[in-house]
Amino acid sequence: MFEGEMASLEAILKTESVKVPRPVKVLQLETGGCAFVMEHLDMHGLNKYSKQLGDQLADLHLHNKRQLEKVSKEQQTVVLSLLIGKGAGQYVDRFGFCSPTCCGYIAQENEWQDDWVTFFTRQRLQSQLKLLEESKGDREARELWAQLQLKMPQFFKEMEIVPALLHGDLWGGNVAESGDGPVIFDPASFYGHSEYELAISGMFGGFNDSFYSAYHHKIPKTAGFARRNQLYQLFHYLNHWNHFGGGYRGSSIGVMKDLLK
């Protein structure tokens, strides 16, 4: 968990887009377990820097695309590396991450895929539903998923998705501000579709209109955004069902039914 968080913070730091606490070291404790040492930041609730956070989050999501444009413009031959830390001037052309990460305490499968729909279907939704099947054996969820997975490509028709470095768990409890601007922390990063980031931000509050306006000024909504937002929220409802139990079953089942209409 901590090693994935450290790799996430290091990757975000390299983009020079939005402030995160600088990671120092993951320590093995003699008494068992681990500790994660990182920079101390004097933080309080996000307030006056909401607009700036929207602007900077868009820069984070656009960073990899801008690297591609830079490479294309300079007509350089680039040997791509999939290891974060080999330099900020390289473009990542696949979906995944260099390390496993955790959204909550559940480890995420971040093996690289060439295709976003494949990555999201198999390594986000399918992995959550597999855990539910093992622990709950919910027949209705199983039957709805059997239908929904066949429909997945329809949500992404005529879309070109460029891998974007994501925070991965951007809810209101993982954002704040310090004296000089916004801060994000506790990431579960990977390279994915930028729209994925906004799903959980709309589920539990903490983000105002100025945040979204600034973000969409740089990354406008495209056709089908609302439906894909539901699809991405489904992951988080399933993840919460796996973490916290049946209180999130109704939301998970309801979203699957809506998506099948």
Do you reckon [X] sits in the same ILVMFWY cluster as [Y], going by side-chain contacts under 4.5 Å, direct or chained?
X      : Y      : result
Met38  : Phe2   : yes
Leu46  : Trp171 : yes
Met43  : Leu53  : no
Phe225 : Leu166 : yes

Spacing of [X] atom [atom1] and [Y] atom [atom2] [to the nearest 0.5 Å]:
X      : Y      : atom1 : atom2 : answer
Leu231 : Lys151 : CG    : NZ    : 10.0 Å
His216 : Asp209 : NE2   : CG    : 10.5 Å
His63  : Ile12  : NE2   : CD1   : 12.0 Å
Ser194 : Leu60  : OG    : CG    : 10.0 Å
Ser210 : Asp55  : OG    : CG    : 11.0 Å
Ser252 : Gln233 : OG    : CD    : 11.0 Å

Can you find a heavy atom in the side chain of [X] that is under 4.5 Å from one in the side chain of [Y]?
X      : Y      : answer
Lys19  : Tyr49  : no
Tyr248 : His243 : no
Gln128 : Ile106 : yes
Leu165 : Lys14  : no
Asp138 : Leu132 : no
Ile161 : Val117 : no
Met1   : Tyr105 : yes

Are the side chain of [X] and the backbone of [Y] linked by a donor-acceptor contact shorter than 3.5 Å?
X      : Y      : answer
Glu195 : Asn229 : no
Asn239 : Cys103 : yes
Gln52  : Pro182 : no
Glu197 : Gly168 : yes
Asn64  : Val92  : yes

State whether the number of non-hydrogen atoms from other residues, nucleotides or ligands found under 6.0 Å of [X] atom [atom1] is greater than 12.
X      : atom1 : result
Arg22  : CZ    : no
Lys51  : NZ    : no
Gln230 : CD    : yes
Gln126 : CD    : yes
Glu134 : CD    : yes
Lys218 : NZ    : yes
His217 : NE2   : no
Glu158 : CD    : no

What class does the angle between the rings of Phe156 and Tyr232 fall in, given that below 30° is parallel, 30 to 60° is tilted and above 60° is perpendicular?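 Ring orientation, 0 to 90° scale: tilted.
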Phe95: which of Phe119, Trp112, Phe190, Trp116 passes ring pair (Phe, Tyr, Trp, His ring centres under 6.0 Å): Trp116
Sequence-distant partners of Phe211, ring-ring contact (aromatic ring centres under 6.0 Å, His included), two or more places apart: Phe207
What pairs with His236 under ring-ring contact (aromatic ring centres under 6.0 Å, His included), at least two apart in sequence or on another chain?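 With neighbours one apart ignored, the set is Tyr196.
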Shortest non-hydrogen separation from [X] to [Y] and the atoms involved:
X      : Y      : answer
Val183 : Pro21  : CG1-CD, 4.1 Å
Glu5   : Pro187 : CG-CD, 3.9 Å
Asp169 : Asp186 : CB-O, 4.4 Å

Can you see whether Phe120 has Arg228 sitting over its ring - NZ or CZ less than 6.0 Å from the centre and within 45° of the normal? no
Ring centres under 6.0 angstrom apart (His61, Tyr215): yes
Criterion side-chain hydrogen bond (donor to acceptor under 3.5 Å, both in side chains) on Thr101 and Asn110, from CA distance to verdict: CA-CA 8 Å; Thr101 52; Asn110 288 332; 3.0 Å; yes
Distance-only criterion, 3.5 Å: show the donor-acceptor pairs between side-chain atoms of residues 253-261 and protein atoms not counting sequence neighbours.
unit_1, atom_1, unit_2, atom_2, d
Lys257, NZ, Glu140, OE2, 3.1
Asp258, OD1, Lys261, NZ, 3.2

Please report the C-alpha distance between His167 and Val18 in whole Å, then the side-chain angles of each, then the deciding distance to 0.1 Å, and finally whether the side chain to side chain contact (heavy atoms under 4.5 Å, CB included) criterion is met. CA-CA 10 Å; His167 173 282; Val18 57; over 6 Å; no
Indicate yes or no: does Glu177 engage Lys48 in a salt bridge with an N to O separation below 4.0 Å.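 A salt bridge is absent here (no side-chain N lies under 4.0 Å from a carboxylate O).
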